[in-house]
Participant: 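Below is a structure I'd like to ask you about.
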Amino acid sequence: MNGYVKQAVCIILSFFFTGRAIAQQQGEQVPEPTKVYLEHADLQTYDKAIDTDRQVLTGNVVFRHDSSYMYCDSAYFFEQSSSLEAFGAVRMEQGDTLFVYGNYLFYDGMTELARVRENVRMESVQPDSSIVTLFTDSLNYDRAANIGYYFEGGLIVDAENELSSIYGQYSPGTKQAIFNDSVRLVNPNFVLTSDTLHYNTETKIATILGPSVIVSDSGTVYSSRGWYNTENNTSLLLDRSLIVSGDRVLTGDSITYDRNTGVGEAFGNIQMQDTAHKTTLEGAYGFYNEQTDYAFATDSARCMEYSQQDTLYIHADTFEMITVDSAMRHLKAYHHVRFYRIDIQGVCDSMLYNTKDSVLNMYGDPVLWNETYQLSGDTIRIYMKDGGVDYVHVIRSAFAIEQLDTAHYNQLKGSNLKATFEGKAVRTIYIDGSAETIYYPLENDGTMVGLNETKSSYLTMWFHDNKMEKLLIWPKPQGTLTPLADIQPGQTRLADFHWYDYIRPLDKDDIFRTTTRKAEDVVPKKSSKFQ
């Protein structure tokens with residue numbers, strides 16, 4: 001018997017005897033122990049020379065103690081100490097609801113403690129007439145407390161589950177079982193292993209009180225505190241429990257989980273990770289359906305998309321992750337969207353990301369930044385490729401701004417805009433319809449020549465090392481070049497010019513910053529794409 005088991009046994013026994021002593025000291029009325037009576041034996045012998053208080057009984061031996069009966073093939077009966085030893089086909093019966101079987105029994109009528117050994121089986125009849133059976137080789141049954149316990153390994157079986165452990169106890173009255181050390185619960189649908197577990201044979205609820213793992217065909221659950229209803233497969237998991245279902249992992253301070261429907265809800269510091277699509281959702285509340293692969297997160301929500309070379313960090317009021325097929329998943333972000341990646345940053349009202357095509361769609365007053373460039377319009381689509389940005393499409397009311405210094409900005413404006421990228425830098429910009437520009441040509445030494453204004457239907461600009469190297473305007477372009485000294489104050493800005501650097505996310509943590517546009521920068525609100 002290891003130290004842990006010995007300690008458990010000592011605690012239980014000392015609790016029983018100490019309880020009697022305390023009750024006596026406090027003057028409480030403690031029932032006097034009753035006598036054990038011999039009801040029947042085929043043969044009874046007594047030899048005073050061997051033992052003054054030992055009767056040897058053989059053949060159909062029957063004892064009675066209060067309402068409990070004990071049967072065996074042979075026995076030693078110690079009438080004065082109200083105790084007995086029973087051998088062969090031992091059976092105890094307590095009313096019509098509790099039956100104990102074994103090869104050997106020592107019973108002390110003074111303490112009402114029965115010690116049953118070898119091939120022990122205890123059967124408890126439940127209110128629904130089903131039977132709970134305890135199997136072990138060493139069982140102590142306390143009649144006063146109505147508790148049976150084993151300490152060298154045992155198994156409890158009911159209609160739903162099989163539970164085994166090194167130490168265990170069962171109360172037929174409360175239907176409560178306690179298991180410690182190498183606990184294993186086997187159910188047709190799952191296997192639960194634990195360090196400490198309580199189980200009620202009437203409600204079929206397993207209470208987790210130590211590090212536990214639940215393995216089923218739908219996934220694996222890790223928890224150290226909570227409960228699992230083995231009858232309807234629902235559970236409440238606490239203390240940062242974790243559910244793994246294929247490539248998806250759900251974590252939270254507390255989780256409710258229904259295995260039949262595949263629905264899990266997480267509360268407090270939740271994290272839903274999809275290792276296949278390299279996406280993680282975080283927030284204060286999360287919902288996940290493992291059957292439909294649908295996920296939802298809100299309240300301080302953040303999404304991290306790390307399928308590309310650099311991680312994309314996105315904050316929004318609410319996120320939805322919708323699985324279309326094995327290769328495609330939609331990530332939707334609603335309201336107050338802010339995102340950061342090393343090469344791009346942005347804000348908008350709502351956003352849709354397609355994992356198959358790696359296209360990021362921005363809706364509702366979107367603004368996008370890349371190094372010294374700012375893009376804005378009605379809708380912005382960002383196309384990813386090979387870990388970086390391939391090109392950006394600004395649809396309707398396109399406006400591109402490059403900051404040269406705090407006073408000078410290159411500007412492009414038109415109906416639609418496409419910008420291609422080479423590495424992390426802009427390579428070309430194409431304006432389709434109503435193209436207008438303001439830009440400052442530079443000498444080779446970087447000196448500004450003046451202010452160039454153009455108007456045309458179409459425009460293409462080529463860049464190298466963040467400097468414009470070629471400009472094509474067609475058809476019938478109009479343009480003027482104004483020397484720096486002759487530039488008028490109202491001449492340096494195209495209509496609807498707004499520089500939004502003060503709301504630009506600066507790093508992965510700055511996406512949570514609450515931002516408000518200046519009054520002069522407020523434009524008519526465009527509704528969310530998903531409203």
Side-chain angles (χ1 to χ4, degrees), residues 213-223 235 237 240-259 261-335 337-342 344 346 350-362 382-388 508 511-512 530:
V213 180
I214 305 172
V215 179
S216 68
D217 55 359
S218 62
T220 304
V221 176
Y222 300 88
S223 182
S235 61
L237 309 171
R240 299 298 296 168
S241 296
L242 184 147
I243 299 175
V244 180
S245 177
D247 298 317
R248 279 80 60 191
V249 181
L250 173 62
T251 309
D253 290 347
S254 61
I255 300 174
T256 62
Y257 177 62
D258 187 328
R259 183 183 177 278
T261 62
V263 172
E265 289 186 274
F267 306 85
N269 300 312
I270 68 100
Q271 186 178 82
M272 292 182 284
Q273 185 177 11
D274 185 334
T275 57
H277 294 90
K278 300 185 184 303
T279 305
T280 300
L281 287 181
E282 296 178 339
Y285 170 79
F287 173 93
Y288 176 63
N289 188 324
E290 64 187 15
Q291 294 182 4
T292 61
D293 278 347
Y294 172 84
F296 172 93
T298 189
D299 196 352
S300 302
R302 179 172 74 166
C303 175
M304 292 173 287
E305 205 285 332
Y306 49 95
S307 64
Q308 307 297 321
Q309 185 175 353
D310 296 318
T311 301
L312 175 64
Y313 299 89
I314 311 170
H315 166 65
D317 291 349
T318 301
F319 285 100
E320 280 188 297
M321 194 179 291
I322 303 168
T323 298
V324 180
D325 53 39
S326 59
M328 183 183 297
R329 172 164 289 192
H330 292 318
L331 174 66
K332 293 183 178 182
Y334 300 87
H335 308 308
V337 178
R338 290 172 58 81
F339 64 86
Y340 174 86
R341 206 173 79 166
I342 293 175
I344 55 171
S350 58
M351 190 176 73
L352 170 65
Y353 180 70
N354 183 334
T355 58
K356 181 178 181 180
D357 299 328
S358 297
V359 179
L360 194 68
N361 299 274
M362 302 171 62
I382 307 168
Y383 294 80
M384 310 288 190
K385 184 179 180 181
D386 299 330
K508 63 183 180 65
I511 59 176
F512 291 99
F530 309 118

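The residues of the chain are indexed from 1 along the displayed sequence.
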Participant: Would you say E265 and D258 make side-chain contact, with heavy atoms under 4.5 Å?
Facilitator: no

Participant: Does T298 reach the side chain of Y285, with side-chain heavy atoms less than 4.5 Å apart?
Facilitator: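 Yes - at least one pair of side-chain heavy atoms lies under 4.5 Å apart.
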
Participant: Is the shortest heavy-atom distance from the side chain of M384 to the side chain of R341 under 4.5 Å?
Facilitator: yes

Participant: Mark yes or no for whether S223, through its side chain, and L237, through its backbone, hold a donor-acceptor pair below 3.5 Å.
Facilitator: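 No; zero donor-acceptor contacts below 3.5 Å.
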
Participant: Taking the side chain from T323 and the backbone from R329, do they hold a donor-acceptor pair closer than 3.5 Å?
Facilitator: no

Participant: Roughly how far apart are Y313 OH and I342 CD1, rounded to 0.5 Å?
Facilitator: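 Interatomic distance, Y313 OH to I342 CD1, rounded to 0.5 Å: 8.5 Å.
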
Participant: Could you measure the distance from the CG atom of L352 to the CG atom of L331? Nearest 0.5 Å is fine.
Facilitator: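 Taking CG in L352 and CG in L331, the distance rounds to 8.0 Å.
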
Participant: Give, for atom CG of L312 and atom NZ of K278, the distance between the pair rounded to the nearest 0.5 Å.
Facilitator: 15.0 Å

Participant: May I ask you to decide if D247's main-chain N or O and T275's side chain share a donor-acceptor pair within less than 3.5 Å?
Facilitator: yes

Participant: Can you list the steps and then say if D357 with Y383 is a side-chain contact (heavy atoms from CB on, under 4.5 Å)?
Facilitator: CA-CA 8 Å; D357 299 328; Y383 294 80; over 6 Å; no

Participant: Mind listing the closest non-hydrogen atom pair of S218 and Y257 along with its distance?
Facilitator: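 Looks like OG-OH, 3.7 Å.
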
Participant: For the CG atom of D310 and the NZ atom of K508, what is their distance to the nearest 0.5 Å?
Facilitator: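 Here the rounded value is 13.5 Å.
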
Participant: With Q271 as reference, evaluate E282, R240, R302 under the side-chain hydrogen bond (donor to acceptor under 3.5 Å, both in side chains) test and give the passing residue.
Facilitator: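 Between Q271 and the candidates, side-chain hydrogen bond (donor to acceptor under 3.5 Å, both in side chains) is satisfied uniquely by E282.
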
Participant: Shortest non-hydrogen contact from F319 to A333?
Facilitator: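 Minimum heavy-atom separation between F319 and A333: CE2-CB, 3.6 Å.
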
Participant: Using every non-hydrogen atom in the two residues, find where M272 and G286 come nearest and quote the distance to one decimal.
Facilitator: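 M272 and G286 have their closest heavy atoms at CE-CA, 4.0 Å.
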
Participant: Enter the distance from I382:CD1 to S358:OG here, rounded to the nearest 0.5 Å.
Facilitator: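 Answer for the CD1-OG pair, I382 versus S358, is 12.0 Å.
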
Participant: Closest approach of I255 and S241, non-hydrogen atoms and distance?
Facilitator: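 Closest pair (atom of I255, atom of S241, distance): CD1-O, 3.5 Å.
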
Participant: Write down the atom of V337, the atom of A316, and the distance for their closest heavy-atom approach.
Facilitator: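 Minimum heavy-atom contact is CG2-CB, 3.9 Å.
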
Participant: In Å and rounded to the nearest 0.5 Å, what is the CG to OG1 distance from D274 to T279?
Facilitator: 6.0 Å

Participant: Are the side chain of H315 and the backbone of A301 linked by a donor-acceptor contact shorter than 3.5 Å?
Facilitator: yes

Participant: State which residues pass side chain to side chain donor-acceptor pair (under 3.5 Å) with D386; sequence neighbours excluded, sorted by chain then number.
Facilitator: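 Not a single residue meets the side chain to side chain donor-acceptor pair (under 3.5 Å) criterion with D386.
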
Participant: Step by step, would you call T261 with N289 a side-chain contact (heavy atoms from CB on, under 4.5 Å)?
Facilitator: CA-CA 8 Å; T261 62; N289 188 324; over 6 Å; no

Participant: Give a yes or no answer on whether the side chain of T280 reaches the backbone of M304 with a donor-acceptor pair at less than 3.5 Å.
Facilitator: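 Between the backbone of M304 and the side chain of T280 there is no qualifying donor-acceptor contact (under 3.5 Å).
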
Participant: Within the 4.5 Å heavy-atom criterion, are N354 and H330 side-chain neighbours or not?
Facilitator: yes

Participant: With the side chain counted from C-beta on, respond yes when D293 and Y288 share a heavy-atom pair under 4.5 Å apart, and no when they do not.
Facilitator: yes

Participant: Is any side-chain heavy atom of V213 closer than 4.5 Å to one of T220?
Facilitator: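 T220 reaches V213 side chain to side chain.
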
Participant: Mind checking side chain to side chain donor-acceptor pair (under 3.5 Å) for S235 and listing every partner two or more places apart, or none if nothing turns up?
Facilitator: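 With sequence neighbours excluded, S235 shows a side chain to side chain donor-acceptor pair (under 3.5 Å) to no residue whatsoever.
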
Participant: So do the side chains of M351 and L360 get within less than 4.5 Å of each other, counting heavy atoms only?
Facilitator: yes

Participant: Could you tell me if the side chain of I314 sits less than 4.5 Å from the side chain of I511, heavy atoms only?
Facilitator: no

Participant: Grab the two heavy atoms, one from A295 and one from L281, that are nearest each other, plus how far apart they are.
Facilitator: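 Shortest heavy-atom separation between A295 and L281 comes out as CB-CD1, 4.2 Å.
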
